[in-house]
Novice: 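Dropping a structure here in structure tokens format, bear with me for questions.
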Amino acid sequence: MTTQNKKILITGGAGFIGSHVVRLFVKKYPHYLIVNLDALTYAGNLENLKDIEPQPNYLFEKGDITDEARVDELFHKYRFDGVIHLAAESHVDRSILDPLAFVRTNVLGTACLLKSSLAHWKDNMNDKLFYHVSTDEVYGSLGATGFFTEETPYDPRSPYSASKASSDHLVMAWHHTYRLPVMLSNCSNNYGSHHFPEKLIPLMINNILNDRPLPVYGKGENVRDWLYVEDHASAIDTIFHRGRTGEKYNIGGFNEWKNIDIVYLLCSIMDKHLGRPDGASAKLITFVKDRPGHDLRYAIDATKLNKELGWRPSLQFEEGLEKTVTWYLENQDWVKHVTSGDYQKYYDRQYIKR
Ligand code: NAD
Ligand code: TYD
């Protein structure tokens with residue numbers, strides 16, 4: 001997609017990754033109008049964007065992507081040239097508790113956006129783009145060796161990953177059937193600032209700080225491939241502007257870690273920050289019942305993105321974790337705000353009463 005004046009709809013911009021994508025686009029492309037459509041679920045928070053709220057090229061619209069009339073109304077109002085679709089239910093553990101919420105938002109919501117995009121672009125698809133943000137979890141689970149490439153067959157195993165896989169298939173179906181210009185990326189696990197403390201890294205940081213047990217599922221042997229969230233946003237920017245229509249790109253930093261090793265590393269970073277004796281926080285580690293159907297290992301091969309578009313991650317993991325811990329320690333008001341309300345109910349259901 002060219003970088004001439006554009007009106008871009010970003011969905012899920014009040015969430016973790018979405019807020020970083022909105023910030024990058026608003027700052028880097030002052031001649032674009034960025035409209036953020038977000039339902040502000042428990043995971044969406046306008047505080048994530050308060051620094052860019054006064055910018056003249058940024059607007060927020062509250063709404064649900066499953067609400068066809070609302071999505072259509074926004075297309076009429078703004079005549080978008082592009083869509084970057086991040087809105088989703090995103091947490092595997094919640095998908096096990098309430099799978100239909102994931103089908104509704106991730107499958108039906110994506111279909112509504114595709115339908116409106118086609119209706120408004122069908123007479124002139126020139127320089128239009130529907131960019132769908134997806135996950136490596138659609139590929140399923142790896143054994144000890146091998147990587148997910150763009151050719152790896154889909155094999156999702158949780159309600160979350162199955163709903164994201166369905167949404168990916170819908171995006172490609174709209175491309176093949178209706179010629180809608182689309183792109184899709186599948187990224188590994190993200191970490192960084194503004195990450196909701198239900199996911200591994202922010203949950204552990206918050207629990208270490210508050211001297212609470214650190215719940216490691218199973219034996220902590222599962223492996224995830226971690227990417228700093230600002231690097232994910234920069235990859236989306238690269239692909240959105242220079243990727244090939246109809247293509248999918250894997251995004252990752254070749255950075256695999258066992259869960260237990262990450263928890264130990266976080267404990268030692270936090271001990272230093274909090275002035276605790278070395279090893280003090282690690283005493284909080286508690287092995288708990290495993291997640292049902294827990295995928296063993298994810299590992300992304302991002303060679304296509306590196307070779308075709310020259311994208312590379314900017315940060316080493318230790319450096320990114322250090323920045324992340326510092327952000328959480330300096331933004332305790334944010335943590336208090338997002339963990340008030342329903343967070344405690346979810347926490348008790350997930351960790352105390354099971
Ligand atoms: P998040 O849960 O932090 O944020 C999701 C956002 O979507 C929230 O602001 C929420 O209010 C909004 N939303 C939810 N349902 C909505 C609806 N029906 N209508 C409108 N808005 C709605 O998620 P995230 O971690 O920032 O993930 C963003 C996207 O990136 C998702 O599509 C996810 O599948 C994908 N992804 C995430 C990761 C990761 O590690 N977090 C990795 C790869 C891909
Ligand atoms: P998570 O951050 O939920 O991301 P995903 O399941 O999408 O990869 O979990 C990352 C890994 O950490 C995963 O293997 C599950 C594990 N985990 C724990 O051991 N304890 C926890 O409390 C959480 C939330 C996750």
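Below, each value reflects all heavy atoms present in this structure, side chains not excepted, and no hydrogens, waters or symmetry copies. Order of listing sets the numbers, starting from 1, for every ligand and every atom in it.
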Novice: Please list the nearest protein heavy atom to atom 9 (O) of ligand 1 with its residue and the distance rounded to 0.1 Å.
Specialist: Asp38 OD2, 2.6 Å

Novice: Note every protein N or O atom lying under 3.5 Å from an N or O atom of ligand 2, pairing the names and giving the distance.
Specialist:
residue	atom	partner	partner atom	Å
ligand 2	2 (O)	Leu200	N	2.9
ligand 2	3 (O)	Arg291	NH2	3.1
ligand 2	4 (O)	Asn189	ND2	3.4
ligand 2	6 (O)	Arg291	NH1	2.5
ligand 2	6 (O)	Arg291	NH2	3.2
ligand 2	7 (O)	Glu137	OE2	2.6
ligand 2	8 (O)	Asn189	ND2	2.9
ligand 2	8 (O)	Arg224	NE	2.7
ligand 2	12 (O)	Asn259	ND2	3.3
ligand 2	14 (O)	Arg224	NH2	3.3
ligand 2	14 (O)	Asn259	ND2	2.9
ligand 2	14 (O)	His294	NE2	2.7
ligand 2	19 (O)	Tyr217	N	2.8
ligand 2	20 (N)	Pro215	O	2.8
ligand 2	22 (O)	Pro215	O	3.3
ligand 2	22 (O)	Tyr351	OH	2.6

Novice: Would Glu221 and Lys258 pass as an ion pair if we require N to O under 4.0 Å?
Specialist: yes

Novice: State whether Glu247 and Lys304 are salt-bridged, where the test is any N-O pair (Lys NZ or Arg NE/NH1/NH2 against Asp/Glu carboxylate O) under 4.0 Å.
Specialist: yes

Novice: Students often mix this up, so state it plainly: with edges at 30° and 60°, are the rings of Tyr343 and Tyr347 parallel, tilted or perpendicular?
Specialist: tilted

Novice: Determine, using ring centers only, whether His194 and Phe16 are less than 6.0 Å apart.
Specialist: no

Novice: Salt bridge check, Lys77 against Glu61: does any charged N sit closer than 4.0 Å to a carboxylate O?
Specialist: yes

Novice: Looking at Asn189, which atoms of ligand 1 are within less than 4.0 Å of one of its heavy atoms?
Specialist: 40 (O)

Novice: Do the charged groups of Glu137 and Arg157 touch, with an N to O distance under 4.0 Å?
Specialist: no

Novice: With respect to atom 37 (C) of ligand 1, which of Ile17, Ile300, Asp67 exhibits the smallest heavy-atom separation?
Specialist: Ile17

Novice: Tell me whether Arg70 is salt-bridged to Glu73, with the criterion being a basic N under 4.0 Å from an acidic carboxylate O.
Specialist: yes

Novice: Kindly identify the option in Ala39, Gly12, Ala88 whose heavy atom sits closest to atom 14 (C) of ligand 1.
Specialist: Ala88

Novice: For atom 23 (O) of ligand 1, grab the closest protein heavy atom and report residue, atom and distance to one decimal in Å.
Specialist: Ser90 OG, 3.2 Å

Novice: Less than 4.0 angstrom from a charged side-chain N to a carboxylate O is my criterion; do Arg244 and Glu308 meet it?
Specialist: yes

Novice: Looking at atom 3 (O) of ligand 1, what's its closest protein heavy atom, distance included?
Specialist: Phe16 N, 3.1 Å

Novice: How close does the nearest protein non-hydrogen atom get to atom 44 (C) of ligand 1, and which residue and atom is it?
Specialist: Ser134 O, 3.1 Å

Novice: Who's closest to atom 16 (C) of ligand 1 heavy-atom-wise, of Asn186, Leu108, Thr105, Val133?
Specialist: Thr105

Novice: Would you mind finding which of Leu86, Asn190, Asn45, Leu40 brings a heavy atom closest to atom 31 (C) of ligand 1?
Specialist: Leu86

Novice: Strictly below 4.0 Å, N to O, side chains only: are Asp231 and Arg312 in salt-bridge contact?
Specialist: no

Novice: Are Val22 and Leu49 close enough, and set up right, to give a side-chain contact (heavy atoms from CB on, under 4.5 Å), and what steps lead you there?
Specialist: CA-CA 8 Å; Val22 167; Leu49 290 163; 3.8 Å; yes

Novice: Using a strict threshold of under 4.0 Å (side-chain N to carboxylate O), is an ion pair present between Glu68 and Lys115?
Specialist: yes

Novice: Would His195 and Tyr328 satisfy ring-ring contact (aromatic ring centres under 6.0 Å, His included), going step by step from the backbone distance to the final call?
Specialist: CA-CA 9 Å; His195 203 183; Tyr328 278 89; 7.9 Å; no

Novice: May I ask which of Thr41, Asp136, Val21 has a heavy atom nearer to atom 13 (N) of ligand 1 than the others do?
Specialist: Thr41

Novice: Does this structure show an ion pair linking Arg224 with Glu256, if we count only N-O contacts that are shorter than 4.0 Å?
Specialist: no

Novice: Do the side chains of Lys336 and Asp333 get close enough for a salt bridge, i.e. N-O under 4.0 angstrom?
Specialist: no

Novice: Ring centroids only, cut at 6.0 angstrom: are Phe196 and Tyr42 within range, meaning strictly under it?
Specialist: yes

Novice: Identify, for atom 42 (C) of ligand 1, the protein heavy atom at the shortest distance, and state residue, atom and that distance.
Specialist: Ser188 O, 3.3 Å

Novice: Do me a favour and list the nearest non-hydrogen protein atom to atom 18 (N) of ligand 1 with residue, atom name and distance?
Specialist: Asp64 OD1, 2.9 Å

Novice: Return the closest protein heavy atom for atom 43 (C) of ligand 1 as residue, atom name and distance.
Specialist: Cys187 O, 3.3 Å

Novice: Which of the atoms in ligand 1, numbered in the order shown and given with their element, are less than 4.0 Å from a heavy-atom of Tyr160?
Specialist: 33 (C), 34 (O)

Novice: Give the atom numbers and elements of ligand 1 that come within less than 4.0 Å of a heavy atom of Gly44.
Specialist: 8 (C), 9 (O), 11 (O)

Novice: Identify, by atom number and element, the atoms of ligand 1 in contact range of Lys164, meaning under 4.0 Å from any of its heavy atoms.
Specialist: 31 (C), 32 (O), 33 (C), 34 (O)

Novice: Any idea which atoms of ligand 1 are less than 4.0 Å away from a heavy-atom of Gly63?
Specialist: 19 (N), 20 (C)

Novice: Could you tell me the residue and atom name of the protein heavy atom closest to atom 19 (N) of ligand 1, and the distance to it rounded to 0.1 Å?
Specialist: Ile65 N, 3.0 Å

